[in-house]
Structure formats: C-alpha cells, structure tokens
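One structure below.
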Amino acid sequence: MAIRVVVLRVFLGLVSTFKGILTYAAMFLPDFVFALCNLVAPDKPAGHVVHGGGQWPQYIPPQQGDCRCSCPALNVMANHGLIPRDGKNIKFTELANAIPRVYNLSPTFAFFLTSYAAHVLRRSYSIDRLDLSDIDAHNCIEHDASLTRVDTFEDPDQSKIAHALVDELLGSGTGPDGNLTILDVSRLLGKRRVDAKRRNPQFSLAPIHELFASANASMLLTVFGGRVADLRSILGEERLPDGWEPRVRHRMGLSILEFNFTAIPIEFNIREEVDGSMTSAGRQRYLCDGETKKER
Ligand code: HEM
C-alpha cells in the first residue's frame, strides 16, 4: 500500500514537472519568434498602436465596494472598464486577453504574467477567477519597498496610492523633459529599499521580489516610456491620459525577451545592496506562506 502511494506521488510529481516544462517551452519559443518579428517588422504607426487609437472608455474612479490592488496598471484597466469595473471575479484568461489590447504586451508576456499569478494563488489559469486584491497577498508577488505603495507593515491596504512616493518618483527624472531613465529608477528603488528597511521592522525582500520590483519598475520605462507627464495621471489617479497609447509600438507587442533588456539593467544598477547599506543589520526573508528566515 505504502509503495503504491509513493509510486503514485512520484508519477504525479513527474507529470506536473513535465507539464510545467512543456508550458514554459510552449511560451518561450513563440516569445522568441515574436521578438525576432519585432526586430525585422516596422513598428506600428503612432496613433494606431492599440485598437481605437487611444480613445479609452470613460474613467470612473473606484466606487464603494469595488476592489483594487497594488498594481497601478490593473487598477487603470478597471477604472476604464477594460476589465470589470468592480475589479472582482475576473477570469485569468480574460485578463490575459485584455492586457495586450491596452498595453501592447505580446500575448506570451500577458500569458506569463497572468498564469504566474494563477500559479502563486494556486488556482487554475484556464478555469478560475480572481479579485484584484487577491494579488496583494504579501510576499507572493506584492512586496516591500515599492515605488508607489508604502509597505504592508505601514498600511495593509495595498490598493492605496502613496502620493508622496509617486511625487518623489516623478520628481526624480534626469532624462529629457525630466523623464525617467534606467539610472533614475535604479536610484529610486535603491533608496526605497534602504528607507523601507529603516522604517519597517518587518522589512523583507527576497531575491525573487527584488527581481519583481525591477520588472515592475521597468514597465514605467517601456510601456509608459518614462514620461512623467503621462505617469502623473497613470500612477497618481490610475487613469489613462486622453489619447494615451503604449510607447512600445512593436507589431507583436513587448515580448518577455525584449522586456528583460530594461529590467535586468535596472536591477544591476541598484547600488545600495552592493555598498552594504542594505545588509549591515541583517534582514528578514519572508516566504510566501509568511514564514520568516533571518539573513546575516
Ligand atoms: C496579470 C498581470 C499583472 C499582475 C499579476 C501584476 C501584479 C503586480 C503587483 C502584485 C504589484 C505590486 C508589487 C509591489 O509590491 O510593489 C504590481 C506593481 C506594478 N505593476 Fe503590475 N501586475 C500585472 C500587470 C502589469 C502590467 C501589464 C503593467 C504595465 C503595463 C504593470 C505595471 C506595474 C507597475 C508600474 C507597478 C508598480 C511598481 C511599484 O510600485 O514599485 N503590471 N503589479
């Protein structure tokens, strides 16, 4: 009996691993093809990047009882009715279809983001649904030291925009017209990590969350072009400016491969962890299930 259970578990483990490998292979291969197509095909003309040329459905801020989350981009979609306005009961597949139509991400990138969210929430991508606030489970995808939210320790409601942080971010651009550059975003992320560590006795940032932070921040530079004038409304009100279009105009949308050319330099240019200011007192590493491990 015991042997039968062991054999069954090993078999199911192998099936699940194999399924995972197949899913990711099935995603990264087309993603690579999309990146190649983007390299050779001309970009979409400005004004025609997304259907409707930037004429978005009406912005309505969240009403009493509506559900919002720590991700400004998803809140924007709900505020414009591009996903259910109440932010509830959204199919993962519906979200994956909607993201490219708003932000011009490649279908593979949109699938990766949504299927990863389903995975960490332990739900079925093809069957299940989510409320936006589900993605705020601390230290699953949501993490400390964000650019647009105070830490969960300071305010567990991660849907609240931290206007002081947003203003600081938008005031720190050194590019043309004060727009944000890779070095600006790296500097701000480093500063947030040091500040958050000082203010938050429960501060934690596992390596995977450092990468998520750089990945999310790189969206500010790719999809939103680092443009402070647009970001003021997108981050400050979670509203698309009239006529706004994604700054990435690639035919096949922003692929995972291309996106890494911005996300990785952002992470590599964060100095605070290299110069020691992040590690001197030792920091806690939180696991998704809330378990804590002290790092020295
Ligand atoms: C299913 C898709 C997505 C999921 C599950 C997701 C999830 C999240 C989460 C949990 C956060 C909070 C992270 C933190 O604690 O700082 C976040 C932040 C963010 N996300 Fe998303 N996101 C998605 C799609 C997108 C897209 C399509 C964009 C851009 C077009 C985007 C841009 C951002 C930005 C700019 C932040 C703010 C980062 C910060 O405050 O430091 N996200 N996202």
Pair Y103 + F109: ring centers closer than 6.0 Å: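 No; F109 has its ring centre 6.0 Å or more from that of Y103.
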Aromatic ring proximity, centroids under 6.0 angstrom, Y125 and F111: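 Yes, ring centres under 6.0 Å apart.
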Single-linkage hydrophobic cluster, 4.5 Å side-chain cutoff, [X] and [Y] together:
X    : Y    : value
I135 : V150 : no
L165 : M219 : no
V223 : L257 : no
I161 : F153 : no
V50  : Y59  : no

Can you tell me how far the [atom1] atom of [X] sits from the [atom2] atom of [Y], to the nearest 0.5 Å?
X    : Y    : atom1 : atom2 : value
L74  : I90  : CG    : CD1   : 8.0 Å
M252 : S106 : CE    : OG    : 8.5 Å
N89  : E94  : CG    : CD    : 9.0 Å
L169 : L180 : CG    : CG    : 5.0 Å
S204 : D151 : OG    : CG    : 8.0 Å

Check: [X] side chain, [Y] main-chain N or O, donor-acceptor pair, under 3.5 Å:
X    : Y    : value
N104 : P100 : no
K91  : L130 : no
D66  : P62  : no
D131 : S133 : no
R247 : G225 : no
D184 : T174 : yes
R149 : C69  : yes
E245 : G47  : yes
S233 : A229 : no
W56  : R239 : no

Which atom of P84 lies closest to which atom of A78, heavy atoms considered: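 Heavy atoms of P84 and A78 come nearest at O-CB, 3.8 Å.
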Aromatic plane relationship, F212 with Y116 - under 30° parallel, 30 to 60° tilted, over 60° perpendicular: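 Taking F212 first and then Y116, their aromatic rings stand perpendicular (interplane angle over 60°).
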Criterion side-chain contact (heavy atoms from CB on, under 4.5 Å) on Q202 and T152, from CA distance to verdict: CA-CA 9 Å; Q202 292 177 3; T152 302; over 6 Å; no
Trace of the side-chain hydrogen bond (donor to acceptor under 3.5 Å, both in side chains) decision for S186 with N269: CA-CA 6 Å; S186 300; N269 278 298; 4.7 Å; no
Salt bridge flag under 4.0 Å for residues E267 and R193: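 Salt bridge: yes.
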salt_bridge(R192, D195) N-O dist < 4.0 Å: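 So R192 does not pair with D195 through a salt bridge.
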A117: partners by side chain to side chain contact (heavy atoms under 4.5 Å, CB included), with sequence neighbours left out: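 A117: side chain to side chain contact (heavy atoms under 4.5 Å, CB included) contacts with F92, I141.
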R123 and D134: CA distance, side-chain angles, deciding distance, salt bridge (charged side-chain N to carboxylate O under 4.0 Å, His left out) verdict: CA-CA 11 Å; R123 297 189 193 161; D134 294 344; 2.9 Å; yes
Test log, rule side-chain hydrogen bond (donor to acceptor under 3.5 Å, both in side chains), inputs N38 and E258: CA-CA 9 Å; N38 285 337; E258 292 164 295; 2.9 Å; yes
Listed once per pair and sorted, the side-chain hydrogen bond (donor to acceptor under 3.5 Å, both in side chains) pairs that draw on residues 69-87, sequence neighbours left out: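 Listed once each, the pairs are R68-N79, S70-D136, N75-E238.
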Listed once per pair and sorted, the salt bridge (Lys or Arg N to Asp or Glu O under 4.0 Å) pairs that draw on residues 165-183, sequence neighbours left out: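 Pairs touching residues 165-183 that pass the test: E168-K191.
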